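The model shown is predicted, which means the values in this text are computed figures rather than measured ones. The first residue of the sequence shown is numbered 1, and numbering continues consecutively from there.
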Amino acid sequence: MAASEEATRIMVGVNESSIKGYPHPSISSRGAFEWTINKIVRDNVAAFELLFLHVQVPDEDGFADIDSIYASPEDFKKLNQENRIKGTHLLEYFVNRCHEIGVRCRAWIKVGDPKEVICHEVKRVQPDFLVVGSRGLGPFQKVFVGTVSEFCVKHCDCPVITIKRKANETPQDPVDD
């Protein structure tokens, strides 16, 4: 790639697996990443920069674990630190894979509603396009769970590519990922 050419910047929204827990990436995130590497980047690693965004959803009541007791502000600080560490481990998976492949990357964590945060970060960072995984929820499940990918397609200020899970990777309950 010539010095005057800019790398194509691809933002990839990633999240943890609800089946395995941190630091394992979700089936959809891993699939979106692998699709991007295999279908877009291929052998042209110098022409791309991957931007990994993980959005941690705050625990609305502050009690992530049913059997945990939080009695002081320090307990919540510890919980917040543990969440940051877990998010860092998740991003480490993708950063390590990029370094193995030889493609440039950056990764960061934000906290909030994933739909809103991803769209805000797209506006702030201005990637060439966004890649997100899709769990393939049915219409009934979408009403209760919502879909980040559909929201991003409608509201992000850049092209959005959604990658569906492979049929053989879909758990019995598609909400699990």
Side-chain angles (χ1 to χ4, degrees), residues 9-36 49-68 70 73 75-95 105-165 169-171 173-177:
R9 297 171 349 119
I10 305 169
M11 183 180 282
V12 183
V14 298
N15 65 328
E16 75 278 3
S17 172
S18 60
I19 298 171
K20 298 177 184 174
Y22 284 119
H24 306 287
S26 69
I27 297 165
S28 300
S29 294
R30 195 174 55 249
F33 170 73
E34 294 297 334
W35 183 90
T36 301
E49 179 181 24
L50 299 184
L51 311 168
F52 296 101
L53 171 61
H54 170 54
V55 181
Q56 291 182 326
V57 179
D59 186 18
E60 290 184 15
D61 62 5
F63 297 95
D65 298 318
I66 279 289
D67 59 351
S68 295
Y70 303 98
D75 293 338
F76 288 97
K77 287 178 186 173
K78 181 180 176 195
L79 177 65
N80 288 335
Q81 179 63 26
E82 288 171 0
N83 285 341
R84 277 193 292 279
I85 290 168
K86 290 175 182 178
T88 301
H89 285 300
L90 173 69
L91 291 175
E92 182 179 28
Y93 168 83
F94 294 104
V95 170
C105 68
R106 288 186 281 155
W108 65 101
I109 300 169
K110 292 288 185 175
V111 176
D113 178 350
K115 297 179 285 201
E116 299 291 335
V117 172
I118 291 171
C119 289
H120 178 268
E121 288 298 288
V122 162
K123 186 172 281 201
R124 184 182 71 81
V125 176
Q126 299 181 349
D128 294 296
F129 62 95
L130 170 68
V131 177
V132 290
S134 172
R135 295 180 288 176
L137 300 178
F140 181 73
Q141 291 164 320
K142 287 179 186 180
V143 170
F144 294 101
V145 179
T147 79
V148 172
S149 58
E150 280 188 6
F151 187 90
C152 290
V153 166
K154 292 177 183 175
H155 296 94
C156 281
D157 291 342
C158 72
V160 179
I161 299 174
T162 60
I163 307 302
K164 293 181 182 178
R165 284 191 296 219
E169 291 182 330
T170 303
D173 183 351
V175 173
D176 291 334
D177 193 3

Give me the atom names and distance for the closest heavy-atom approach of [X] to [Y].
| X | Y | result |
| --- | --- | --- |
| Cys152 | Val160 | O-CG2, 3.6 Å |
| Ile163 | Gly31 | CG2-O, 4.1 Å |
| Gly13 | Ser29 | O-OG, 4.0 Å |
| Ala32 | Gly133 | CB-N, 3.8 Å |
| Ile118 | Val148 | CD1-CG1, 3.7 Å |

Could you walk me through whether His54 and Glu16 pass the side-chain contact (heavy atoms from CB on, under 4.5 Å) check?
CA-CA 8 Å; His54 170 54; Glu16 75 278 3; 3.1 Å; yes
Please identify each residue that fulfils side-chain hydrogen bond (donor to acceptor under 3.5 Å, both in side chains) with Gln126, with sequence neighbours left out.
none
How would you list, by chain and number, every residue that makes a side chain to side chain contact (heavy atoms under 4.5 Å, CB included) with Pro127, sequence neighbours excluded?
Met11, Leu51, Val122, Val125, Cys158
Would you call the rings of Phe94 and Phe33 parallel, tilted or perpendicular, taking 30° and 60° as the class edges?
perpendicular
Using the ring-ring contact (aromatic ring centres under 6.0 Å, His included) criterion, which residues pair with Phe129? Sequence neighbours excluded.
none
Return the set of residues passing ring-ring contact (aromatic ring centres under 6.0 Å, His included) with His120 (not counting sequence neighbours), or none when no residue passes.
none
Report, one line per pair, each donor and acceptor closer than 3.5 Å where one atom sits in a side chain of residues 106-113; sequence neighbours left out.
| from | atom 1 | to | atom 2 | distance (Å) |
| --- | --- | --- | --- | --- |
| Arg106 | NE | Glu49 | OE2 | 3.0 |
| Trp108 | NE1 | Glu121 | OE1 | 2.7 |
| Asp113 | OD1 | Lys115 | N | 3.1 |

In Å and rounded to the nearest 0.5 Å, what is the OG to CG distance from Ser26 to Leu90?
8.0 Å
In Å, rounded to the nearest 0.5 Å, how long is the span from CG of Leu130 to CG of Leu53?
8.5 Å
Has Asp128 got a side-chain atom pairing as donor or acceptor with Ile10's backbone, closer than 3.5 angstrom?
no
Just jot down the salt bridge (Lys or Arg N to Asp or Glu O under 4.0 Å) partners of Glu34, sequence neighbours excluded, or say none.
Arg97
Could you go step by step and tell me if Tyr93 and Val14 meet the side-chain contact (heavy atoms from CB on, under 4.5 Å) rule?
CA-CA 11 Å; Tyr93 168 83; Val14 298; over 6 Å; no
